[in-house]
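This report concerns only the one structure given below.
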Amino acid sequence: MTDAVSTAIPDAATDAAALARRPDLIGKARLITYAFQQGDLDSLRQQLLARAQQDEGDTNAALDLSMVLLLLGQPDTAMALQRHAVQTQPLYHMPADRQPATLRLLVLVACGDFLANTPFEFLVADSNIAVDILYVGEGIPTPAQLPEHDALLVAVGESAANRPLLDTLRAPLAQWHRPVLNRPEHVLKTSRDGLSTALQGAEGIIVPAIRRVTRTDLDALASGRAQPSDLLPGVDYPVLVRPLDSHAGHGLEKIDEAAGLAAYLAAHDAALPATASTGTGLADGAPVDFALPATFYLSQFIDYRSSDERYRKYRVVMVQGRPFLGHLGISPRWMVHYLNADMLENAVNRAEEGAQMQSFDSGFAARHAAAFARIHQRVGLDYFVMDCAETPDGQLLIFEGDTCGIVHAMDPEDLFPYKAPNMRRIFTAFREMLAKNAGVAIN
């Protein structure tokens, strides 16, 4: 592995004890990569547990241990330990991988799984950017003094749990003494319905009609007492339904008729709450059982098949309005996730993805340049990730966008030789954005 994070992140052959002995925070990027490469997570868990038990003040070990437990599929224990660690010590330091550090970044994060915050660790790995990570939220103490920093990044992602926190952050950050990136008022626009509202009516852009609905609303549809058009004017079956704050296709289904919705509700009513999903995003498309919540998204289904009857979903990374291709999933199935799109098995798909990455600036990005400019203007975020497609008539179809999508260079280079150079371009653009806003130079 020779990508931009290789010198900072161990591979699967790394001894877990050596990794656990790291006195600084190991961090999410290293831990996720170690898991992705099938490192010995259980041994790492034991080593970190021993470290934490030996020194109760070693909050780096406790926080890293909580992330390992999350990767091992123990979310309840992981979240309890994470909460304990950040209530003891809300501020964590990650030295720059390349010394001397030339940019000091303060990052605000919330408690939660790997999808709760921007995975900035991947974006600054193997750089001369030093990071201080401050956990914020109800019940978390505020340090008496914050570290000196050149810029501040709001990494707290939009969710029902985080919306009150993001709203609370708006006032103090409006008058912050250093440049602030991804201001909370803009992050708040990235709920599924919020993004739809922000982009509604923009020329060259299609956003499916969507609204939050209750279980009572779905019961009315399932029984035939209501029609989709009663909730989404002008929309008929098929529709999409998914639980609020669900990701990676968990609980998402296309409903073709009322009977299908009745079956969806009945099947999940019988399920137990999920314990298998770690929230890493690494198991996209894997089936998960869960009890249904009280609130859902109901949205219009737009058929975006290409002329060859395959679906193509583009993950586009926006860095201060400039689009980059994070990946392209190609599948005969309408619900495209990168790990269920046969990319590992299908050399033809990989060849197309590689070609799209090579020609993205002059191809897809150029065709939709005006649309991307309108998205940047309306959403206002310095950095975010969108899942989108191109409709048969050439418009940009937006599925979702947020600040928490994992952008990484973990894929094996023997199968994906084109990815590492492309990801380095994204990492470089992110770092240059930080440097430009902070008014400093980085190598």
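Every residue was checked against the salt bridge (Lys or Arg N to Asp or Glu O under 4.0 Å) condition with Arg211, not counting sequence neighbours, and none meets it. In terms of the side-chain contact (heavy atoms from CB on, under 4.5 Å) criterion, residue partners of His186 (sequence neighbours excluded) are, by chain and number, Arg183, Lys189, Leu381. Residues meeting the side-chain contact (heavy atoms from CB on, under 4.5 Å) test with Asp219, sequence neighbours left out: Arg215, Arg225, Leu265. Under the rule for a salt bridge (Lys or Arg N to Asp or Glu O under 4.0 Å), the partners of Arg425 that lie at least two apart in sequence or sit in another chain are Asp361. Listed by chain and residue number, Leu244, Asp245 satisfy the side-chain contact (heavy atoms from CB on, under 4.5 Å) test with Ala160 (two or more places apart in sequence, or in another chain). In this structure, the side chain to side chain donor-acceptor pair (under 3.5 Å) partners of Gln320, at least two apart in sequence or on a different chain, are Asp382. By the side chain to side chain donor-acceptor pair (under 3.5 Å) test, Arg378 is found to be paired with no residue, residues two or more places apart in sequence or in another chain being considered. Checked against side-chain contact (heavy atoms from CB on, under 4.5 Å), Met79 has the following partners two or more places apart in sequence or in another chain: Leu70, Gln82. A search for side chain to side chain donor-acceptor pair (under 3.5 Å) contacts involving Arg163 returns Glu158, not counting sequence neighbours. When the side chain to side chain donor-acceptor pair (under 3.5 Å) test is applied to Gln200, the partners found at least two apart in sequence or on another chain are Ser196.
Thr59 places no side-chain N or O within 3.5 Å of a backbone atom of Ala62 that could act as its donor or acceptor partner. A distance-only check finds no donor-acceptor pair linking the side chain of Asp64 to the backbone of Ala61 [under 3.5 Å]. Under a 3.5 Å cut-off, the side chain of Arg212 and the backbone N or O of Asp193 do not form any donor-acceptor pair. Proximity of a side-chain donor or acceptor of Arg45 to a complementary backbone N or O of Leu65 within less than 3.5 Å is not detected. Without hydrogens or angle criteria, Thr118 side chain to Phe120 main chain gives no donor-acceptor distance under 3.5 Å. Between the side chain of Arg83 and the backbone N or O of Cys111 there is no donor-acceptor pair closer than 3.5 Å. Side-chain atoms of Asn60 do not come within 3.5 Å of backbone N or O of Tyr92 as any donor-acceptor pair. Gln300 places a side-chain N or O within 3.5 Å of a backbone atom of Ala209 that can act as its donor or acceptor partner. The backbone N or O of Leu325 lies less than 3.5 Å from a partner atom in the side chain of Asn422, making a donor-acceptor pair. Judged purely by atom type and a 3.5 angstrom limit, Asp150 uses its side chain to pair as donor or acceptor with the backbone of Arg104.
When every heavy atom of Val319 is checked against every heavy atom of Ala429, the shortest pair comes out as CG1-O, 3.6 Å. When all heavy atoms of Ala116 and Asn162 are compared, the closest pair comes out as O-ND2, 3.5 Å. In terms of heavy atoms, Gly401 sits closest to Leu195 at N-CD2, 3.3 Å. Here the closest heavy-atom approach between residue Pro119 and residue Ile406 is recorded as CG-CA, 3.7 Å. Heavy-atom minimum distance, Leu103 versus Ala438: CD1-CB, 4.3 Å. The two residues Gly321 and Met318 have their closest heavy-atom pair at O-CE, 3.8 Å.
Side chains of Val213 and Val241 form no contact here, defined as non-hydrogen atoms less than 4.5 Å apart. Counting heavy atoms from C-beta outward, Leu25 and Ile133 have side chains that approach closer than 4.5 Å. Counting heavy atoms from C-beta on, the side chains of Leu240 and Phe399 never come closer than 4.5 Å. Looking at Val156 and Val187, their side chains never come closer than 4.5 Å, going by heavy atoms from C-beta outward. Side-chain contact check for Tyr314 versus Leu396: every heavy-atom pair is 4.5 Å or farther apart. The shortest distance between side-chain heavy atoms of Val407 and Phe122 does not fall below 4.5 Å. Counting only heavy atoms from C-beta outward, the side chains of His327 and Met343 never approach each other to under 4.5 Å. Contact annotation: the side chain of Val136 never approaches that of Thr168 to less than 4.5 Å [non-hydrogen atoms, C-beta and beyond].
How far CE of Met433 is from CG of Leu181: 5.0 Å, rounded to the nearest 0.5 Å. Atom CZ of Phe114 sits about 5.5 Å away from atom CE of Met67, to the nearest 0.5 Å. Interatomic distance, Leu261 CG to Ile255 CD1, rounded to the nearest 0.5 Å: 5.0 Å. Atoms CZ and CG, from Arg242 and Leu252 in turn, are 4.5 Å apart once rounded to the nearest 0.5 Å. Residue Met94 holds its CE atom at 11.0 Å from CG of Leu105, rounded to the nearest 0.5 Å. The CZ atom of Arg192 sits 8.0 Å away from atom CG of Asp402, with the distance rounded to the nearest 0.5 Å.
Side-chain contact, Tyr297 with Glu400: no donor N or O sits under 3.5 Å from an acceptor N or O. Remark: the Asp42 side chain and the Gln46 side chain contain an N/O donor-acceptor pair separated by less than 3.5 Å. Defined by atom type and a distance below 3.5 Å, a donor-acceptor pair is missing between the side-chain atoms of Gln358 and Tyr418.
Every pair passing side chain to side chain donor-acceptor pair (under 3.5 Å) that includes a residue from residues 132-142 is listed here, sequence neighbours excluded: His93-Asp132.
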For this session: Could you give me the CA-CA distance, side-chain angles and deciding distance for Leu434 and Tyr383, then say whether side chain to side chain contact (heavy atoms under 4.5 Å, CB included) is met?
Result: CA-CA 10 Å; Leu434 294 178; Tyr383 172 86; over 6 Å; no

Exercise. Under the side chain to side chain contact (heavy atoms under 4.5 Å, CB included) criterion, do Val235 and Phe301 qualify, and how do the steps go?
Worked result: CA-CA 9 Å; Val235 174; Phe301 174 76; over 6 Å; no

For this session: Would you check, one step at a time, whether the test side chain to side chain contact (heavy atoms under 4.5 Å, CB included) holds for Asp217 with Leu298?
Result: CA-CA 10 Å; Asp217 293 326; Leu298 183 72; over 6 Å; no

For this session: Test Met423 against His408 for side chain to side chain contact (heavy atoms under 4.5 Å, CB included), laying out the working first.
Result: CA-CA 7 Å; Met423 302 317 289; His408 64 82; 5.8 Å; no

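Counted within 6.0 Å of CD on Gln99, heavy atoms from surrounding residues, nucleotides or ligands total more than 12; the atom is thus considered enclosed.
Ring geometry for Phe364 versus Phe360: interplanar angle under 30°, hence parallel rather than tilted (30 to 60°). Between Tyr304 and Tyr311, the ring planes are perpendicular. Angles over 60° get that label, and only those under 30° would be called parallel.
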Give the table of side-chain donor-acceptor pairs shorter than 3.5 Å for residues 170-179, with sequence neighbours excluded, one pair per line with atom names and distance.
residue : atom : partner : partner atom : Å
Trp176  : NE1  : His149  : NE2          : 3.0
Arg178  : NE   : His149  : O            : 2.9

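Salt-bridge formation is detected for the pair Asp97/Arg30: a Lys NZ or Arg NE/NH1/NH2 atom is positioned less than 4.0 Å from an Asp or Glu carboxylate oxygen. A salt bridge does not link Glu390 with Arg312: every distance from a Lys NZ or Arg NE/NH1/NH2 to an Asp or Glu carboxylate oxygen is 4.0 Å or more.
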